[in-house]
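Throughout, a chain's letter reflects where its sequence line sits, starting with A, and its residues are numbered from 1.
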Amino acid sequence: MDLLENLNERQIEAVTFMEGPLLVLAGAGSGKTKVLTTRIAYLINQGINPENILAITFTNKAAHEMKSRIGNLIGYYSHNMQISTFHSFGLRLIKENYEYLGYDKNFVIFDSDDSLTIVKKIIKDMNLDKDKFNPKAIRNKISSLKNDLIEPSSYKKYALTEFDEVVYKVYQKYEDSLYENNSLDFDDLLILPIKLFSKRKDILERYQEKFKYILIDEYQDTNEAQYKLTKMLASRFKNICCVGDVDQAIYGFRGANYKNILNFERDYKNTKIINLEENYRSTKTILDAANAVIKNNKNRKEKNLFSNLGIGEKIEYYRASTGLSEVSFVISKIKDLMSDGISLKDMVILYRTNAQSRIFEDGLMKSSIPYKIVGGINFYGRREIKDLLAYLRLIHNIHDNVSLERVINVPKRGIGEKTLTNLINKANENNISMYEAIDSGKELGFKKIIEELKTLKDTMSLVEYIDLVLDKSGLINELKNEHSLEADIRIENLEEFKSVARAFEEENGVISLEDFLLNVSLISDNLDVKDEVKDSVSLMTIHAVKGLEFPYVFLVGMEERLFPHVNSLDSEEDIEEERRLCYVAITRCKTKLFITNARQRLMYGIDQINPASRFVLEIDESLINNLSQKEIENFSRIDYNNDISEEKVNIEENYLNKDLDYQVGDFVYHENFGAGTVIEVIKNKKNPKLTLLKIAFKLPYGIKTLLYNHKSLKKI
DNA sequence: CCATAATTCTTTTTT
DNA sequence: AGAATTATGG
């Protein structure tokens, strides 16, 4: 079979360029994955040993996809090839060299929750005010310092403010604590290989020799650590192929720097650059919409992405009155599509924040439409799963104080704060772990359970062992005795966890607890085998949908403050990242795009009124079929930067006012001030005719308070 | 020590 | 609104 059969000229060029640095600037839907996979297949066909190939992606899903597509291309899959995410690649390097890094071989990986637990503890131990020194903020700061490869000792010099000083101290203690627990956090998976390579040139050279051909996907989303790591590995042979699209850079918040892609030419001399500009995914209408949005970014290179797939259908836009009616609209459209014979797996609901998924879940459940949530509330973040994992981790690594503290009293064994403090003190005094410090009292019973489980560890299969742990620990009995719906769900989740373990075993043959624990922490996208088969609508955040495509896309919650999100509103740079996110969302769509939002929505338990997202207004009207009232153009005259923070509305007030002409959220037109939105109705109890309206107009007018029946004011 | 009540966050986005 | 953390009383 000819590998190059279905490729265009540019793609062929990218696939067959063998030696030297290669940068592929691949617009959305331009066959990026196809190029990467075909290139790997081509390299192998050219006689390159699969062992010498390293391909790095950002998600496990992308890595899986790549593996199976290469398998299809060359008829087999070679396990000698290294195709993985940055983090699992880092983990592999650490596993192969842990002794040089000073870790015990039973090290474990802490997820972000565990990191937060440690930070909280440190802050408490230091007697700091946690309102002033927010643990989450400090953890995030530590993480970004780590990703920028700044160690505590070097940060000390820059820590000028009181806050930074605290960050420095907590950072130092945090690193010590990880080390004491014989554990690594996510960031360590990238940093430790870099440290290893800087210290041991001989080891670096060995890996450079091994990975002669390197391919990096989504290069625009690499952070400093990832950038440095690839640069180290590639610096010898310079056979590095990076694929990316600056317009799709959406991970700035975790330290990604899309300039890495722009600096590629500077880093590698004689870089070959190939532009892929033909989009094979979306209709012209969809692509035009995406281009119309992204062209508003100032910080960007003009690009000429085109599609030959025809105009296609118009985008349907609906501005619902409430969040619930937005859901109803989407569900009715899904039903329409179903009756047209479209299958559910071809539809996706995309939102900006995870919190938005719930009302859609409720609605879909009530309508008996099968759905699956991709990513979302982390499966491994659930209490019962974390408890089980903590047992397993403690059994595996008795130095893991974090896990011990989590489960020593789960289920209740009458071990409280006092016992724990004693244990901590004893452990500190004797320089041993808390587990080792146990020598009396009720906690001895706990130690016995763990000891017994330890001896049985290698005598049975993983799934059997998990059952044993659930039984001996008392976790499962506690839930069974509860006889509540909630407990039943938890038991179900534990069963689900067992099937994940089973899938692991089936994929890798007999797997040790060690390997299972290390890998399980890196898999946040659920590898649901069952859901693949069932025909269901997908629900996910826009970040999670990156790299995927769907014929029918519902882009929901398109409101100012939700998308673009409030937290990005006061920085132009952040707005541009939001806009790129919107670009990613639109370009996922192949056939038909639905855009919706709600005039009034429950957020944090209170009703809020949000204008339509600026991104909707940036799309040319001719591409849109507006199913709500014709209100877009009116809205477009409102300046978003108006301070309309008083927009919170009491719903009861709305009911009181329903006999009036005006309600909060109504659109008005004023002879002098132009279009505006009512943000408050101030009713005069004695004289209804003196009702005042607080209205947000476009700048420079801003917020004005006017008489509702003023002759220059019209409701539209 | 624990169950319950009261209170205080939470919502960006992910490996 | 709902989850998570903290205070209270037994």
In whole angstrom, give the distance that lies between atom [atom1] of [X] and atom [atom2] of [N].
{"X": "N409(A)", "N": "dA3(B)", "atom1": "CG", "atom2": "C1'", "answer": "13 Å"}
{"X": "I606(A)", "N": "dA1(C)", "atom1": "CD1", "atom2": "P", "answer": "11 Å"}
{"X": "F110(A)", "N": "dT15(B)", "atom1": "CZ", "atom2": "C1'", "answer": "17 Å"}
{"X": "Y251(A)", "N": "dT12(B)", "atom1": "OH", "atom2": "P", "answer": "16 Å"}
{"X": "Y351(A)", "N": "dT11(B)", "atom1": "OH", "atom2": "P", "answer": "15 Å"}
{"X": "M603(A)", "N": "dG2(C)", "atom1": "CE", "atom2": "C1'", "answer": "15 Å"}
{"X": "N519(A)", "N": "dT15(B)", "atom1": "CG", "atom2": "P", "answer": "15 Å"}
{"X": "D113(A)", "N": "dT15(B)", "atom1": "CG", "atom2": "C1'", "answer": "14 Å"}

Residue-phosphate contact under 4.0 Å: [X] side-chain N/O, [N] OP1/OP2:
{"X": "K546(A)", "N": "dT13(B)", "result": "no"}
{"X": "T59(A)", "N": "dT15(B)", "result": "no"}
{"X": "N354(A)", "N": "dT12(B)", "result": "no"}
{"X": "S143(A)", "N": "dT15(B)", "result": "no"}

Using centres under 5.5 Å plus planes under 30 degrees as the test, is [X] stacked with [N]?
{"X": "Y604(A)", "N": "dT10(B)", "value": "no"}
{"X": "H565(A)", "N": "dT12(B)", "value": "yes"}
{"X": "F58(A)", "N": "dT15(B)", "value": "no"}

**Report entry** Residue met sooner reading DNA chain B from 5', once N140(A) and G416(A) are mapped to nucleotides
**Finding:** G416(A)

Report task. Assign each of L581(A) and K442(A) to its nearest nucleotide of DNA chain B by heavy atoms, then name whichever residue's nucleotide is nearer the 5' end. Result -> K442(A)

Does [X] have its ring centroid less than 6.0 Å away from the ring centroid of [Y]?
{"X": "Y351(A)", "Y": "F563(A)", "value": "no"}
{"X": "F360(A)", "Y": "F554(A)", "value": "no"}
{"X": "F107(A)", "Y": "H396(A)", "value": "no"}
{"X": "F89(A)", "Y": "F211(A)", "value": "yes"}

Report task. Could you tell me whether S112(A) contacts a base, only the sugar-phosphate backbone, or nothing, with contacts defined as non-hydrogen atoms closer than 4.0 Å? Result -> base

Report task. Select base, sugar-phosphate, or nothing to describe what K136(A) touches, counting heavy atoms under 4.0 Å on all strands. Result -> sugar-phosphate

What nucleotide among [options] has an atom nearest to a side-chain atom of [X]?
{"X": "N567(A)", "options": "dT15(B), dT14(B), dT12(B)", "value": "dT12(B)"}
{"X": "L602(A)", "options": "dA1(C), dT12(B), dT11(B)", "value": "dA1(C)"}
{"X": "R254(A)", "options": "dT14(B), dT13(B), dT11(B)", "value": "dT14(B)"}
{"X": "T85(A)", "options": "dC1(B), dT15(B), dC2(B)", "value": "dT15(B)"}
{"X": "K412(A)", "options": "dT14(B), dA3(B), dT11(B)", "value": "dA3(B)"}
{"X": "N134(A)", "options": "dT13(B), dT10(B), dT11(B)", "value": "dT10(B)"}

Requested in this report: Using modelled atom types only, decide if a donor and an acceptor are shared between the side chain of N223(A) and the backbone of A256(A) within a distance under 3.5 Å.
Outcome: no

Query - dT6(C) versus dT11(B) - spacing of their C1' atoms, nearest Å - result: 22 Å

Report summary line: Distance col, row M66(A):CE vs I83(A):CD1, nearest 0.5 angstrom, shows 6.5 Å

